[in-house]
Amino acid sequence: MEWWKKSVVYQIYPRSFYDSNSDGIGDLRGIIEKLDYLVYLGVDVLWISPFYASPGVDNGYDISDYRAIAPEFGTMADCEELLEKAHEKGLKIMLDLVVNHTSDKHPWFEESRQSLHNNKRNFYFWREGRDNAPPNNWMSLFGGGAWKQDPKTGQYYLHLFSENQPDLNWDNEEVRQEVYDMMHFWLKKGVDGFRMDMISLISKVPELPDGQLMPNGFGMPFPFVNNGPRLHEFLQEMNREVLSKYDLITVGETPGVKPQDASQYSNPDELNMIFQFDHMLLDRVDPGNAYKKPDFIRLKQALSNWQIELHNKAWNSLYWCNHDQPRSVSRFGNDSSREYRENSAKMLAVCLHMMQGTPFIYQGEELGMTNIRFDNINEVKDVEAIHTYNIAINMGVTPKDAMEVQYHKGRDNARTPMQWENTENAGFSKGTPWIKTNPNHSEINVKVQKDDANSVLNFYRRLIEIRKNYPIVTHGNYELIDPEHKELFIYRRCYGEQILLVICNFTDGQVEWEIPKAFLNMKNEPIIENGVIQRKNGLLIIGAYGSVAYLM
Ligand code: TEU
Ligand code: CA
């Protein structure tokens with residue numbers, strides 16, 4: 001079996017992980033210093049968000065040189081040392097591959113914008129405007145229009161993200177060859193895989209047609225840019241020319257992709273797996289200026305659908321959060337008291353880690369780190385958050401209400417410094433951190449949790465261990481039990497004669513579940529549990545945010 005099917009991945013957002021030289025910004029040497037912590041946690045692979053040369057408009061997802069390290073993160077020597085030390089300790093390293101777009105400061109774009117007919121013009125999407133308006137009505141995924149007029153030639157260029165992130169034109173073979181060369185460059189250094197940023201967007205419908213009009217006056221680009229006409233052709237070519245020559249872990253970021261498409265993405269000719277977004281979109285209100293509570297029944301359906309549809313066809317990735325998403329304990333659990341926070345963090349972990357697929361842990365998730373309430377928009381750093389906030393204000397939303405959306409959905413919730421200990425700046429930096437530290441680091445941090453056998457951190461360590469020891473977690477099939485149950489998420493995994501039954505209470509109340517006949521003979525001893533769990537007279541009684549997994 002492929003090694004990545006048994007692996008647990010840990011995502012590092014380097015800017016916020018550990019600052020080794022006190023300039024307030026996490027860096028590569030900071031990761032090197034913390035490798036032993038990651039070994040202690042038990043993860044196998046580190047996915048590191050971008051640390052390439054970048055103006056930093058989107059914290060490194062706007063790359064100006066794919067083969068250089070941003071000075072604030074360190075040097076190429078640091079990067080090579082990180083690879084070497086990680087490998088020595090048995091950890092693999094996955095880089096972020098951001099090739100749907102570059103920075104507008106990338107030399108390709110700087111040349112491209114100079115004239116109508118230069119060599120790099122066709123590296124991007126340049127179009128004439130229509131009657132002094134952009135070439136089509138598309139909205140950028142960060143809010144506002146997706147086209148920017150460039151004074152030099154008067155034409156517009158496409159940017160599906162910020163205007164400093166022009167989209168690369170993958171229909172141009174030269175672009176593809178440049179990307180493949182760059183991938184070889186990193187793979188020859190010993191990199192073990194890639195997480196591919198927004199890879200589902202790399203093929204656009206050539207006519208770039210207007211999208212369906214939304215309340216904000218812009219059109220939806222998605223049907224014309226996501227899963228586009230040549231997407232799989234490009235991925236197969238990338239696989240032939242690059243991926244197939246190494247033993248790698250690859251995961252594509254693919255919002256809007258359905259389980260039916262997944263088996264085309266994740267197969268030996270393309271990628272190992274993809275990140276689906278169905279469970280991430282449940283609290284979204286388009287175009288992103290509002291928030292609603294995620295519906296529990298739909299959450300169960302979303303996750304179960306992927307479990308069932310992909311079984312024996314394609315491989316799942318499993319995640320509750322990343323650097324773009326709010327903290328999972330605040331979003332799907334409850335961070336209003338210590339008891340609820342710790343239990344819901346553990347319960348969410350059981351719910352996800354007992355499923356089939358490769359789990360991704362986002363830095364701090366293993367501590368139950370929470371969302372943050374910034375005082376006002378000036379404390380917010382994220383380009384997307386600032387855009388959506390300003391758009392909301394322009395639509396007449398009050399600053400208080402606009403901030404409320406950020407408290408629920410803002411990406412900076414995930415980007416506050418990693419909480420190492422109860423000292424200044426949570427032990428992340430001896431300087432002034434680039435972003436505010438969550439005040440709750442006095443209670444939530446690595447140091448206290450290491451010493452507490454009952455901590456979220458030690459619970460994660462056990463869960464990772466269970467995955468290593470019980471093949472049913474990797475191989476078993478999946479069945480959702482009581483799909484309409486409004487409080488419990490119950491599922492069963494089966495592998496040969498073995499059954500793994502997982503029951504998670506998503507509420508702050510005690511819930512009783514009548515154990516079905518088929519399970520009455522299950523042992524009293526669960527393989528993992530949290531919260532108050534009781535069994536009497538054929539009833540399972542689960543306390544607030546409790547969870548339990550039985551093996552039969
Ligand atoms: O994210 C793409 C993406 O899915 C987000 O834009 C998402 O829609 C939004 O953040 C939800 O709030 C990737 C990267 O992970 C992200 O950090 C980058 O900003 C983006 O691509 C552009 O590279
Ligand atoms: Ca630093």
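Computed over heavy atoms, backbone and side chain alike; hydrogens, waters and symmetry mates excluded. No experiment lies behind these values; they were computed from the predicted model shown. Order of appearance sets the numbers: ligands from 1, and atoms from 1 within every ligand. Note that the numbering runs from 1 along the sequence shown for the chain.
A salt bridge between R415 and D324 is present, with a side-chain N of the basic residue lying under 4.0 Å from a carboxylate O of the acidic one.
Of all protein N/O/S atoms, those lying under 3.0 Å from the Ca ion (ligand 2) come to 5.
Contacts between R195 and ligand 1, counted as non-hydrogen atom pairs separated by less than 4.0 Å, involve the side chain only. Proximity of E253 to ligand 1, defined as any heavy-atom pair under 4.0 Å, is confined to the side chain (atoms from C-beta onward).
With W420 as the aromatic partner, K34 meets the cation-pi criteria of under 6.0 angstrom to the ring centre and within 45 degrees of the ring axis. In this structure, R331 fails the cation-pi test against W320, since its NZ or CZ atom is not both closer than 6.0 Å to the six-membered ring centre and inside 45 degrees of the ring normal.
In terms of the side-chain contact (heavy atoms from CB on, under 4.5 Å) criterion, residue partners of E33 (sequence neighbours excluded) are, by chain and number, Y18, S20.
The number of heavy atoms from other shown groups lying within 6.0 Å of NZ (K400) does not exceed 12.
Annotation: Q325 places no N or O atom under 3.5 Å from an N or O atom of ligand 1; distance criterion only.
For the 3.5 Å distance criterion, the side chains of S442 and N422 fail to qualify, holding no donor opposite an acceptor.
Of the protein's non-hydrogen atoms, the one nearest atom 21 (O) of ligand 1 is D197 OD1, 3.0 Å. Counting only heavy atoms of the protein, atom 17 (O) of ligand 1 lies nearest to D324 OD1, 2.7 Å.
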